[in-house]
Protein chains: 2
Amino acid sequence: MRMKSGMEQAVCTLILLARLPERTTLKAEAISERLEVSPSYLKKLMRMLVQAGLVDSTPGTRGGFSLAKKPEEVTLYDIFLAVEGRGGMYRDRGVFTSVFACEGQRSTGTCVLGHVMRRAEKAWVEVLEQETLASLLQQIRKTYSSERLAEMDAWLTSQLREEVNE
Amino acid sequence: MRMKSGMEQAVCTLILLARLPERTTLKAEAISERLEVSPSYLKKLMRMLVQAGLVDSTPGTRGGFSLAKKPEEVTLYDIFLAVEGRGGMYRDRGVFTSVFACEGQRSTGTCVLGHVMRRAEKAWVEVLEQETLASLLQQIRKTYSSERLAEMDAWLTSQLREEVNE
DNA sequence: TGATCGTGGATAAATAATATCCACAATAGT
DNA sequence: ACTATTGTGGATATTATTTATCCACGATCA
């Protein structure tokens, strides 16, 4: 039971996008270079983020991606759902009902184990829901030296693309 | 990010063993038949449970498995650790440090995302630690009809093996 | 019109989970 | 002592999931 590395990539990407000035975008290739990850897989992740409504995309010569919401409105759980999909970590595979169903009679429905697992997962989700891109950025400011943040911003300005005024 | 079906199998197995009378055992093949799962994989799971100290095993003609602890002493997290191993669900793959490390300088250590994930996982673990085989059995008694429980016990007595007195 | 970009799907490669098999050691019954 | 039975441990296949690659397409801008 391991979380996809895609989650880490998605969070990093969104943090970059969150530091982007208004009306500017970043293209997928620039992001994958910065994260040092596979360009094709990151593009796939970007599509997921777009479909989940977390990111806006603009095609074309000066196109790229930008945050669709304010940083404080994007929770870690939103990102998790976008990347890992709904469905939860535990899924009943019918073993319990095999044990307790006597001949032909099938599950009354709720598997006892599933009930506990859902409770545990809920506790887990609640933590992720309290953390947003904004709160992560705040922690990052505390954790990393200002030189690193400055370097990141410098890189961003070197890579960003200005959106065309409509 | 999906939990292994092995977890469900292990929990069911331990519940069966928990209903076993004192000084009796159940052999692996009987268990896998009851759970309707692969015999070889279940045997592998049994080895994990033995190595984790949750289950005792006795080889030989009348051998089999039995619970090594009292049902109230075995938590769901114990089982999870036995089956999924330590290491947690989130593992830093260095993407964060790629983004924030400026040339050569590598991670100061703590990845911000990892910190949150560990908090979330801790909340998740705490729920699993509060649930034991005993509490699960109690819920099972509430959930399933007494006929089913009787059927299960009947099956158990038909399959169990008496340990030889030493 | 041409270059650049995101979209979407098909598909391959890598990894993790599940399953199968076999030689071995320990035990009980004979 | 012998044999049948059972767990142990490892090697290895099979299957599912994740990660990676590739290509045809449509939109945007110079």
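Here the structure is a predicted model, which is why all the values come from computation and not from measurement. We use all heavy atoms of the structure for the numbers below, so side chains are in, but hydrogens, waters and symmetry mates are not.
Annotation: the span from A:Met117 atom CE to A:Arg91 atom CZ amounts to 14.0 Å, rounded to 0.5 Å. Residue B:Glu36 holds its CD atom at 13.0 Å from CG of B:Leu42, rounded to the nearest 0.5 Å. Separation of atoms CG (B:Leu128) and CD (B:Glu121) is listed at 10.0 Å; rounding is to 0.5 Å.
A:Arg2 places its CZ atom 9 Å from the C1' atom of C:dT15, with the value rounded to the nearest Å. Rounding to whole angstrom units, CG of residue B:Leu45 and P of D:dT8 are separated by 12 Å. Between A:Arg93 atom CZ and D:dT15 atom C1' there is a gap of 12 Å when expressed in whole angstrom units. Rounding to whole angstrom units, CE of residue A:Met46 and C1' of D:dT19 are separated by 17 Å. Summarising the geometry, the separation between CE on A:Met48 and C1' on C:dG9 is reported as 13 Å, rounded to the nearest angstrom. D:dT19 atom C1' lies 15 Å from atom CG of A:Leu35, rounded to whole Å. Across the protein-nucleic acid pair, B:Met89 atom CE and D:dT17 atom P stand 19 Å apart, rounded to whole Å. To the nearest angstrom, C1' of C:dG8 lies 16 Å from CG of A:Leu49.
You'll find the side chain of A:Leu136 reaches within 4.5 Å of the side chain of A:Leu76, heavy atoms only.
Among A:Val74, A:Leu17, A:Thr25, the single residue meeting the side chain to side chain contact (heavy atoms under 4.5 Å, CB included) criterion with A:Val55 is A:Leu17.
The nearest pair of heavy atoms linking B:Ser66 to B:Glu163 is OG-OE2, 4.2 Å.
Contact annotation for B:Met7: no contact, since no heavy-atom pair falls under 4.0 Å across all strands. B:Met1 comes within 4.0 angstrom of sugar-phosphate atoms only, judged by non-hydrogen atoms across all strands, and of no base.
Comparing A:Glu29 and B:Lys4 against DNA chain C, the residue whose closest nucleotide sits nearer the 5' end is A:Glu29. For B:Val50 and A:Met3, each mapped to the nucleotide of DNA chain D holding its nearest heavy atom, the one lying further toward the 5' end belongs to B:Val50.
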> So A:Met1 and B:Met7, side-chain contact (heavy atoms from CB on, under 4.5 Å) or not? Walk me through it.
Replying inline: CA-CA 10 Å; A:Met1 182 173 166; B:Met7 181 65 184; over 6 Å; no
> Step by step, would you call B:Arg34 with B:Glu151 a salt bridge (Lys or Arg N to Asp or Glu O under 4.0 Å)?
Replying inline: CA-CA 12 Å; B:Arg34 178 76 192 190; B:Glu151 189 273 342; 2.7 Å; yes
Identify each atom pair where a protein N or O and an N or O of nucleotides 27-30 of chain D are less than 3.5 Å apart, giving names and distance.
residue, atom, partner, partner atom, Å
D:dT28, O2, A:Thr61, N, 3.2
D:dT28, O2, A:Thr61, OG1, 3.4
D:dC29, O2, A:Thr61, OG1, 3.1
D:dA30, OP1, A:Arg62, NH1, 3.2

Pairs under 3.5 angstrom, nitrogen or oxygen only, protein versus nucleotides 20-24 of chain D, please.
residue, atom, partner, partner atom, Å
D:dA20, N6, A:Lys44, NZ, 2.8

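Residues passing the ring-ring contact (aromatic ring centres under 6.0 Å, His included) test with A:Phe96 are A:Phe100, sequence neighbours excluded.
In this model, the phosphate group of C:dG8 is approached by a side-chain N or O of A:Gln51 to a distance below 4.0 Å at OP1 or OP2.
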